[in-house]
Protein chains: 2
Amino acid sequence: MEPMTSSDAPARRSKQPSMGDVARHAGVSSQTVSRVSNGHANVDPLTRQRVVESMEALGYRPNSAARALRRGKFKAIGVIMFTLRTFGNMSTLNAIATEAARADYSVTLLPVREATLGQVSGAYNRLSEAAVDGVVIIFEAHLLDEAEFTLPPGLPVVVIDSNAGDAYTVVDTDQADGARQATEHLLSLGHRKIWHVAGPESSFSAMRRMEYWRRTMVDAGIEPPPVRYGDWSTESGYRHGMELGQRDDVTAIFAGNDQMALGLMRALHELGRDVPGDISVVGFDDLEEAHSFWPPLTTIRQDFGEVGRQAIQNLLAKVDGERDNHKIIVPTRLIVRGSTAAPRE
Amino acid sequence: MEPMTSSDAPARRSKQPSMGDVARHAGVSSQTVSRVSNGHANVDPLTRQRVVESMEALGYRPNSAARALRRGKFKAIGVIMFTLRTFGNMSTLNAIATEAARADYSVTLLPVREATLGQVSGAYNRLSEAAVDGVVIIFEAHLLDEAEFTLPPGLPVVVIDSNAGDAYTVVDTDQADGARQATEHLLSLGHRKIWHVAGPESSFSAMRRMEYWRRTMVDAGIEPPPVRYGDWSTESGYRHGMELGQRDDVTAIFAGNDQMALGLMRALHELGRDVPGDISVVGFDDLEEAHSFWPPLTTIRQDFGEVGRQAIQNLLAKVDGERDNHKIIVPTRLIVRGSTAAPRE
DNA sequence: CCCCATCATGTTGACGTAAACATCGTCGTT
DNA sequence: AACGACGATGTTTACGTCAACATGATGGGG
């Protein structure tokens, strides 16, 4: 990989015009340009007009670095995440970006990676110098502690989908209720022994869903079968499907997410087991494609949009001085489609 | 869990220590602090040590606004897009973020939305003042022209998946070859009349794929059946599937993307048509789930990672002064799975 | 018709950083 | 011993913006 140094003459970007340039061009002071630029009152319409014309003529655009320095605000919020690869993270990010834009904030991605321990001297990671007014953290809170970075003190934080406790404002999908709805749906169809293919043990969401599946089973007076752990991927769902599909005491499976449910169903197809005739399957997430799976997947819909919205609203409130931490729970909803049915007699 | 940010810190962030504070605390000049902060040579190890300790003691972190102002660089690149909702955009963004982080750049999302035409005066949109050194545009170039914004002159730009022509550096998947491979695969299996469900007419990618499907058919001496247009969604695939599945002259369908292929297959399932026994289906994209569809989908794999990598590398080269525009074509690959077979006799 | 409120505009300075230049020892060489 | 090179550190200044204050004009009320 080439070092990409800008050592050699960095083709001096033809100096962007500044307020001073515009001011000179329009024959006013730069302060007047500033006033126009910020839409302040008390500027003569004619002057304003003239300034706007000069700005256009010179192709002036405000220097946001100077602005941020002057104002002490970046009008930007950071999103810390490990990967964009999951549907949930992406949907949440999309909602965050949309909501932030509404408030005229931009969103900066701050992927977490190996700390760039430079010299013993300047050991700052990107985060500590990130040009943001606040951050949304989208990952498992327990990783926060072992992470290679420290959050700058005083930086407003909102955590999504985590067990961060009272130290932060937390926005979370109602994992518990979702898992309960999924399990009860299967119970109400007449299934007794409901299997669960959970997400990885490192995931807070996975553990919550698992816990409430178990609790619902126990509440129904049924001994829960042993949990099986996947890693959210279709492959892991497939593997468990191949095993579970060969047992004759399996009539219903609750998968920790839709992708594992998909892998599961594929395995069952390959084994010649009918879904939902022989085995019912429920997922979690409601991927956009879930209704086109074969059979269309019964699943728990997460409202990622609402999660993102809540996260931004709460974060911006903190940026504006709010001190308290909140815990916001976004409800989930059971979507019944074709992958569940009453067990065969 | 110990809180890593003192949430009890003063809401007033103006208390952030500056270089001067650190300098005073360490008994050196602020320039020395600057040198330490940037890992420059020519600093006495003992002095360096002392400065680092002072930085830690005061919780100093560099002010990136001041830094950006001073250096004239933001170390950030912007990504302009309409939505994160599609698999392709999402994958590309992921690759971009990863690659940018490698070069120590951060990524700022710049979702395009209705222009915020403020006062007649300060009608700047977010883009024109965005704190970025360059931008990647992920959408149809023809929309660039009718977009409500103008790209600040002199701002390096790389366009992905578009027909932007010579005005920009363009990174694109080899749509043409992908469509050719898909069509030829079906032809080589013995299919003659291959139907195509294309993406929306507004999409450059969709049109490229369609064009080369047609061209390949013509080259094979076959009159292409009428194109059918979808909108990339599973629903639109489903609709076309319901229609095509009821005709007995349909043995092979090339869908413009995997999601439409999925909808298509669902419709065929509902109609009792066997895939690939009665009808073969090919997609485009190779979604992560595609291999778990039922049947596993034969499709064209796009290398989004490479697209993102190329985009960033070229953009950063431009940021460093490169003037020329390039056209980078990233190859595609046919992935044969279970949704295609020779036509029934 | 004078005074002051009001408005339009200009001037000054500070935000935090880092390049450019200045200063002052120290050490190796002849 | 004298000289200069070099390394460590300090001083000055400018980056672009905008708040605060200053100035100068206008007009209405007493």
Side-chain angles (χ1 to χ4, degrees), chain A residues 6-7 9-10 12-13 15-51 54-55 58-75 121-122 124 128-131 152, chain B residues 12-51 54-55 58-75 121-122 124 128-131 133 152:
Chain A
S6 54
S7 50
R12 227 159 274 303
R13 185 114 53 83
K15 206 187 57 172
Q16 294 284 339
S18 73
M19 282 196 159
D21 299 321
V22 177
R24 211 167 308 117
H25 187 277
V28 298
S29 79
S30 56
Q31 180 56 203
T32 299
V33 178
S34 171
R35 280 191 265 260
V36 171
S37 174
N38 290 300
H40 286 191
N42 291 357
V43 176
D44 186 279
L46 260 68
T47 309
R48 184 184 298 272
Q49 167 85 14
R50 199 145 39 89
V51 170
S54 291
M55 292 195 294
L58 297 179
Y60 167 78
R61 61 181 178 131
N63 179 318
S64 54
R67 224 170 230 202
L69 174 59
R70 187 68 242 269
R71 305 211 254 233
K73 286 264 173 99
F74 294 98
K75 283 294 227 174
S121 59
Y124 309 110
S128 71
E129 57 178 292
Chain B
R12 185 150 322 291
R13 198 113 53 71
S14 58
K15 279 265 289 176
Q16 288 287 334
S18 73
M19 283 200 158
D21 299 319
V22 176
R24 212 166 307 117
H25 186 275
V28 298
S29 79
S30 57
Q31 179 57 200
T32 300
V33 177
S34 170
R35 280 190 266 260
V36 171
S37 173
N38 290 301
H40 286 191
N42 292 358
V43 176
D44 188 278
L46 261 67
T47 307
R48 184 184 299 273
Q49 167 85 16
R50 201 146 37 89
V51 170
S54 292
M55 291 195 297
L58 297 179
Y60 168 77
R61 61 178 181 133
N63 179 318
S64 54
R67 220 167 233 202
L69 174 59
R70 188 67 243 268
R71 307 210 254 231
K73 286 248 174 121
F74 294 98
K75 286 292 230 172
S121 59
Y124 309 110
S128 70
E129 57 176 293
D133 301 314

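The figures here come from the full heavy-atom set of this structure, side chains too, leaving out hydrogens, waters and symmetry mates.
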Requested in this report: May I have the distance from B/Lys73 (atom NZ) to D/dC15 (atom P), rounded to whole angstrom?
Outcome: 18 Å
Report task. For residues A/Phe74 and A/Ala68, report the shortest heavy-atom separation together with the two atoms involved. Result -> CD2-CB, 3.7 Å
Query raised in the report: Should A/Gln16 and A/Asn63 count as side-chain neighbours, where that means a heavy-atom distance under 4.5 Å?
Result: no
Requested in this report: Starting from C1' on D/dG16, measure out to CZ on B/Phe74 and report it in whole angstrom.
Outcome: 10 Å
Query raised in the report: Rounded to the nearest Å, what distance is computed from the CZ atom of residue B/Arg70 to the C1' atom of nucleotide C/dT17?
Result: 7 Å
Requested in this report: Would you give the length of the straight line joining atom CE of A/Met55 to atom CE of A/Met19, rounded to the nearest 0.5 angstrom?
Outcome: 8.5 Å
Query raised in the report: With sugar-phosphate meaning primed atoms plus P, OP1 and OP2, does B/Ser18 contact a base, only sugar-phosphate, or nothing at under 4.0 Å between heavy atoms?
Result: sugar-phosphate
Query raised in the report: How long is the line joining CG of A/Leu69 and P of C/dC15, in whole Å?
Result: 9 Å
Report task. Measure the spacing between NZ of A/Lys73 and CZ of A/Arg67 and express it to the nearest 0.5 Å. Result -> 14.5 Å
Query raised in the report: Which heavy atom in A/Val43 sits nearest to a heavy atom in A/Arg48, and how many Å separate them?
Result: CB-NH2, 3.6 Å
**Report entry** Closest non-hydrogen atom pair between A/Ala66 and B/Leu69, with its separation
**Finding:** CB-CD1, 3.8 Å
Filtered N/O pairs between nucleotides 8-10 of chain C and protein, under 3.5 Å:
residue, atom, partner, partner atom, Å
C/dA8, OP2, A/Asn42, OD1, 3.1
C/dT9, OP1, A/Thr47, OG1, 2.4
C/dT9, OP2, A/Asp44, N, 2.8
C/dT9, OP2, A/Thr47, OG1, 3.3
C/dG10, OP2, A/Ser29, N, 2.8
C/dG10, OP2, A/Ser29, OG, 3.0
C/dG10, OP2, A/Thr32, OG1, 2.8
C/dG10, N7, A/Arg35, NH2, 3.0

Query raised in the report: Within the pair A/Arg71 and D/dC18, is there a side-chain N or O less than 4.0 Å away from OP1 or OP2?
Result: yes
Requested in this report: Round to a whole Å and report the spacing from NE2 of A/His40 to C1' of D/dA20.
Outcome: 13 Å
Query raised in the report: Rounded to the nearest Å, what distance is computed from the CD atom of residue B/Gln16 to the C1' atom of nucleotide C/dG16?
Result: 12 Å
Query raised in the report: Does B/Asn38 place a side-chain N or O at less than 4.0 Å from the phosphate oxygens OP1/OP2 of C/dA18?
Result: yes
Requested in this report: Ignoring the backbone of A/Ala66, work out which of D/dA19, D/dC18, D/dG16 is nearest its side chain.
Outcome: D/dG16
Query - Closest to the A/Arg67 side chain, choosing from C/dG16, D/dC18, C/dT17 - result: D/dC18
Query raised in the report: Rounding to a whole Å, what distance do you find between B/Met19:CE and C/dA14:C1'?
Result: 17 Å
Query raised in the report: What is the distance from atom CG of A/Asn38 to atom OG of A/Ser34, rounded to the nearest 0.5 Å?
Result: 5.0 Å
